[in-house]
Undergrad: 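To start, I am sharing the structure in question, which I have written as structure tokens.
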Amino acid sequence: MPATGLSAGAGVDALIARRLAEPGGRVIALDLTAAMTRKLRDVADDRGIDRLDVVQASAERLPFPDASLDAITSNGALNLVPDKRRAVAEMFRVLRPGGRLQLADVVIHRPVSVDCHEDPRLWVECVVGATVKEELLALFEEAGFEAIEVVGRHDYFALSPSAQTREVAAGFGAHAIELGMRRGARAPSRVQQAWLRLDPRRWLRMLQRRGLLGVAALGLALLSCYGTLALVGLLALLGIGLALDDGAWALAIAAFVLLTLATLVAGLRRHRAPGPLLLAAVGGGLILHALFIAYHPLVELAGFLLLAIAALWDRRVRHRQESRMLGLA
């Protein structure tokens with residue numbers, strides 16, 4: 001069976017693969033652009049290289065039969081693919097069970113905001129399209145790949161002649177990783193895929209990296225406070241009595257309030273703007289005073305309002321810092 005190079009570009013990796021292939025081996029170089037495939041065909045013809053097929057196609061729609069390839073390699077291409085989940089699923093489909101996938105690409109520590117996607121310069125610098133490392137690994141796991149291993153890590157941007165590129169990369173923790181894995185015997189069922197996506201640890205990491213953990217914690221605090229009151233009232237209207245442990249209820253609300261404050265402390269370490277944390281401290285103090293010292297509904301409501309403003313303010317400051325760093329503010 002043949003091996004393929006995904007998004008082969010000018011074909012350097014494909015030519016190396018063809019040299020390393022067994023005497024009867026066959027290499028397929030695939031790229032989206034006509035200019036790159038034409039250039040590679042010309043090089044192969046000039047050098048008399050046989051058993052090297054050049055195909056123009058998209059990684060999201062591979063023109064190969066199921067289980068028809070022994071191996072796939074990709075070097076710095078997946079970050080440019082819009083629908084990465086579909087591309088990964090296509091790679092799984094065309095590989096034979098046990099087939100190998102070797103991939104090198106740029107990953108980031110935290111996501112890039114949506115408004116940055118319109119800047120062509122950031123696409124060229126391979127930052128905008130990059131995926132958070134853990135989310136990229138999860139994509140391959142959900143598709144059915146096994147023995148997923150990070151075999152190398154490289155500071156791809158350290159030698160860039162552009163100081164701005166180095167600054168942008170450092171701001172998002174952008175770097176290159178090399179992955180190796182094999183195709184499993186079968187793709188996970190939809191239920192198994194959904195279970196993997198619902199892993200709460202994954203969601204917590206995603207919220208934290210997007211700067212939304214504080215907003216989420218605030219939402220849980222509001223839900224535990226006013227949501228519980230609404231539920232008790234609704235059950236009472238239905239003639240169902242529900243006894244609440246006031247102490248446990250207050251502790252649950254306080255825990256989410258403190259979690260919100262902790263996320264704003266983390267935000268202060270990132271953007272060095274004390275305003276959101278100071279406002280949140282006042283709001284949190286009012287809530288805790290109402291819960292454990294002297295309850296007054298207006299004091300509690302004022303505390304939640306201040307905490308909400310602080311959480312949204314922190315998110316706004318993070319966003320503005322990111323935009324300034326990218327030269328978009």
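Not measured: the values here are computed from a predicted model. Counting from 1, the numbers follow the sequence of the chain as shown.
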Undergrad: In the single-linkage hydrophobic clustering (I, L, V, M, F, W, Y; side-chain heavy atoms under 4.5 Å), do Leu244 and Leu251 co-cluster?
TA: yes

Undergrad: Do Ile16 and Ile49 land in one hydrophobic cluster if side-chain heavy atoms of ILVMFWY residues count as linked below 4.5 Å?
TA: no

Undergrad: Working to the nearest 0.5 angstrom, can you tell me the gap between Leu264 CG and Arg315 CZ?
TA: 12.5 Å

Undergrad: I need the Ile28 CD1 to Phe64 CZ distance, nearest 0.5 Å.
TA: 4.5 Å

Undergrad: If I take atom OG1 from residue Thr263 and atom CG from residue Leu277, how far apart are they, to the nearest 0.5 angstrom?
TA: 9.5 Å

Undergrad: Side chains of Leu261 and Leu307: does their closest heavy-atom pair fall under 4.5 Å?
TA: yes

Undergrad: Membership question, hydrophobic clusters at under 4.5 Å side-chain separation (ILVMFWY): are Met36 and Leu62 in the same one?
TA: no

Undergrad: Not counting sequence neighbours, list each pair that qualifies as a salt bridge (charged side-chain N to carboxylate O under 4.0 Å, His left out) and has a residue in residues 49-61.
TA: Arg18-Asp50, Arg26-Asp53

Undergrad: Please, which pairs that meet ring-ring contact (aromatic ring centres under 6.0 Å, His included) have at least one residue in residues 226-267, sequence neighbours excluded?
TA: Tyr226-Phe304

Undergrad: Can you name the closest pair of heavy atoms from Met91 and Phe145 and give their distance?
TA: C-CZ, 4.1 Å

Undergrad: Has the side chain of Arg182 got a donor or acceptor atom that lies under 3.5 Å from a matching backbone atom of Gly98?
TA: no

Undergrad: Check the hydrophobic clustering (I, L, V, M, F, W, Y; side-chain heavy atoms under 4.5 Å; chains of links allowed) and say if Val317 and Ile309 are grouped together.
TA: yes

Undergrad: Restricting to non-hydrogen atoms, name the atom on Val81 and the atom on Ala87 that form the minimum distance, rounded to 0.1 Å.
TA: CG1-CB, 3.9 Å

Undergrad: Charged N to carboxylate O under 4.0 angstrom, Arg100 versus Asp70?
TA: no

Undergrad: Closest heavy-atom contact between Ser224 and Ala221?
TA: OG-O, 2.8 Å

Undergrad: So how far is it from Ile287 CD1 to Leu222 CG, rounded to the nearest 0.5 Å?
TA: 7.5 Å

Undergrad: Minimum heavy-atom separation for Leu286 and Gly303, please, with both atom names.
TA: CB-CA, 3.9 Å

Undergrad: Going by heavy atoms in the side chains, are His175 and Val107 under 4.5 Å from each other?
TA: yes

Undergrad: Looking only at heavy atoms, which two atoms of Arg183 and Arg96 are closest? And how far apart?
TA: CD-O, 3.1 Å

Undergrad: Give, for atom NE2 of His296 and atom CG of Leu301, the distance between the pair rounded to the nearest 0.5 Å.
TA: 11.0 Å

Undergrad: Does Val150 share a hydrophobic cluster with Leu101, counting links as ILVMFWY side-chain heavy atoms below 4.5 Å and allowing steps through other members?
TA: yes

Undergrad: Do the side chains of Glu300 and Leu291 get nearer than 4.5 Å, heavy atoms only?
TA: yes

Undergrad: I'd like to check Leu15 versus Leu52 (side-chain heavy atoms, cut-off strictly below 4.5 Å). Are they in contact?
TA: yes

Undergrad: Under 3.5 Å, side chain of Gln193 to main-chain N/O of Glu142, donor-acceptor pair present?
TA: yes

Undergrad: Mind listing the closest non-hydrogen atom pair of Gln102 and Ala71 along with its distance?
TA: NE2-CB, 4.4 Å

Undergrad: Check whether any side-chain heavy atom of Ile177 lies under 4.5 Å from a side-chain heavy atom of Tyr156, and answer yes or no.
TA: no

Undergrad: Does Asp105 reach the main-chain N or O of Asn79 with its side chain, forming a donor-acceptor pair under 3.5 Å?
TA: yes

Undergrad: Hey, could you give me the CD1/CG distance between Ile72 and Leu95, rounded to the nearest 0.5 Å?
TA: 4.0 Å

Undergrad: For residues Leu78 and Leu136, determine if any side-chain heavy atom of one lies less than 4.5 Å from a side-chain heavy atom of the other.
TA: yes

